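First up is the structure itself, then whatever we jot down about it.
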Amino acid sequence: MNVSLSLIIAMAGLFGAGIYVMLERSLTRVLIGFLLVGNAVNILILLMSGGQGPAPILGDDPNAHTTDPLPQALILTAIVITLGTAAFLLALIYRNWWLSKLSDEVPSVDEDDLRDVEEVFETTSDDESAITMALEDSDDSGDS
Amino acid sequence: MLESLAPALAPAVVIVPLIGAAITLLLAKFRALQSMMSTLTLALSVGIALALLFAVDAGKTIVVSVGGWMPPFGIVLYVDRLSAIMLVISSVVLLAVLLYSMGQGIADGDRETPLSIFHPTYLILAAGLFDAFVAGDLFNMYVGFEMLLAASFVLLTLGGIGPRIRAGVNYVVISLVSSVFFLAAIAIIFGATGTVNIAQIAERVAELDFNTQLMLHTVLLVGFAVKAAVWPMSFWLPESYPTAPAPITAVFAGLLTKVGIYAIIRTETVLFPGGALQVPLLIVAGMTLIVGILGALAQADIKRLLSFTLVSHIGYMVFGIAVGTAQADAAVIYYVAHHILVQTTLFLVAGLIERVGGTTSITRLGGLLASAPVIAMLYFIPAMNLGGIPPLSGFLGKVSLFFSGAEVGGWLIWTVIGLGALTSLLTLYALARIWNMVFWRGAEEVADYESPLIDQLQEAEEDDGRVVTKEVPKLMIGATSVLVVATVSLTIFAGPLFDLADRASGQLDQTTYISNVFPDYSNAGQVGDD
């Protein structure tokens, strides 16, 4: 089985960089690390598919050495899964940022405040104004 | 009738919850209809799982080639007795917890479940779980894992409040890392054997060089061990589970770790039989047992304490898998069933205690025996069961595990048996302390109570010392009672269940698996050779 050295180097580089960035405290970097590692695994699957060859759909010569289509199907599935997870992580990061921004301004945000906040958040489409409204809201409840 | 239907049931067990999820998503505006729909879906799943169990136990293992693509080209669904048992237990638990959470949701005005996202996500979790149990293909199993993980991310961070987001981040990152491990393992196995079909891997892996086998085996086990929360990959679990709403913690605790255990059983019996990693597995089992339970002893918060006992008791199952005889596998299967039910029930009871007592910290709870005798009973039975008091199923499971270990012998196995017995006692101690503090202690004693028992306990980080009590709906009590009855019936019907577990472990071996997927096993080497 012949594999391309450049792909191996690319995979190793992605793995190394990905794991290094994943170990950072910042969530955004964790996400970037996750994406890098995800792509590194995809390259690994590609490397494991055996030698190169023409697309399996072309020609009907039974002896032609075509590429194995299965790993490509696996990679496609893995890409989709990575995309979905990345979307969720982004939402999580955004929520986290939002919560930390709130608690910077209001030292004690408790659950009840957050529920009010949630309602405000759902009724407005503009995030900045939602945050301002939420802050005003919880200021009121904090003072009383 | 059942004979001809059976092959259709294997895909149905995955498809039904998925369709249910789609319908409940469409019904987002109609709460009552949505709840009814998801109850119906899970009830149907229980029915399908039971039918599968009967069909499979009557004789023939069900192997379905999805889309008519014959293995090894297509995806195979494989349902033998072990899969069917896991399906039945998990669908029953999912249904009971759904009823419990509906009780809670109705009482709380559904504030815990914004945007009606709970029901669809919960059903997708179920579908992913079932898919992992019926997968006859490593990549399909990976997809099942990802489905249930993605759903579990959403469920764990429901409501998006601060502590849950923090715990969620931990959980999400750890899960992603373990998934990457699993996927990388699949890639390497594919490179070595040219297939992802479990039966075909099993067939080809024996031809590989011993060291290559060992490497594939280890990478795969590491991926599964993170999911199963086996020491030293278990520290994420007590950090993330307890912050979720009680029913969700209960489902996670009961089922998600067991998917990892299920995958480890398949790895050790079908993919890499022969116990090449027996010694490391035994060491890891012993450490899981003892480190987990020592963690539990230091906790004041009931949910955290239960999370630590959960981690600890995973060690029993790993021990049984490591011993690896047919008898040990049967004991593991019985123990998995017992542990899913008991651990889920205890977390549900913790949720009840939280509502009645307003907190889950045992330093501030008291007098619940007088004020909530029903909950006291619901706690006492599964607690004694988990602690391994005869004649309950926890005792039976542990004893049969120890016996099967003793038959093999060797100092390492005896050491782990010793650790297992010690863990059992310490579990009993931890749970009895909850009983003493929460139920027996009078409510008036709580204010200035001094005891070496609770001197140095660690409170949960997110505990802010507030006490908010809520009334307990009958549906929550009812659902918990059903599970308590189920745990007791594991004891009452222990004889037939052990026979079933024996029959299940009898067909776990590699040869049976391969010849079920490739009926002309001896020629199977030529099939799909490249």
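On a predicted model such as this, the values are computed, not experimentally measured, just so you know. When reading the values below, keep in mind they use all heavy atoms of this one structure, side chains included, and skip hydrogens, waters and symmetry mates. Quick note on labels: first sequence line is chain A, next is B, and so on, each numbered from 1.
In terms of heavy-atom pairs under 4.5 angstrom with chain A, the leader among B/I186, B/V177, B/T157, B/V169 is B/V169. No other option in A/L74, A/N96, A/I19 has as many heavy-atom pairs under 4.5 Å with chain B as A/L74. Listed options A/L27, A/L31, A/I75 were ranked by heavy-atom pairs under 4.5 angstrom with chain B; first place goes to A/L27.
The side chain to side chain contact (heavy atoms under 4.5 Å, CB included) test with B/E146 is passed by exactly one of A/I81, A/V80, A/T82: A/I81.
For B/A150, no part lies under 4.5 angstrom from a heavy atom of chain A. Of the atoms belonging to A/L70, it is side-chain heavy atoms, and not backbone ones, that fall under 4.5 Å from chain B. Only the side chain of A/L89 comes within contact range of chain B, with at least one heavy atom under 4.5 Å from a heavy atom of that chain. Contacts of B/F153 with chain A are made by both backbone and side-chain atoms, with heavy-atom separations under 4.5 Å.
Between A/V41 and B/A184, the shortest heavy-atom contact is CG1-N, 4.0 Å. Heavy-atom minimum distance, A/P71 versus B/F190: CG-CE2, 3.3 Å.
Atoms CG and CG, on A/N42 and B/L183 in that order, are 7.0 Å from each other to the nearest 0.5 Å. For the atom pair CD1 of B/I189 and CE of A/M48, the computed distance is 11.0 Å after rounding to the nearest 0.5 Å. How far CH2 of A/W98 is from CD1 of B/I165: 10.5 Å, rounded to the nearest 0.5 Å.
Counting non-hydrogen atoms of other residues, nucleotides and ligands closer than 6.0 Å to CZ of B/F181 gives a total of 12 or fewer. In A/Y20, the OH atom is not crowded: 12 or fewer heavy atoms of neighbouring residues, nucleotides or ligands sit closer than 6.0 Å.
For B/L271, the side-chain contact (heavy atoms from CB on, under 4.5 Å) criterion is met by B/L138, B/I198, B/I201, B/L220, not counting sequence neighbours.
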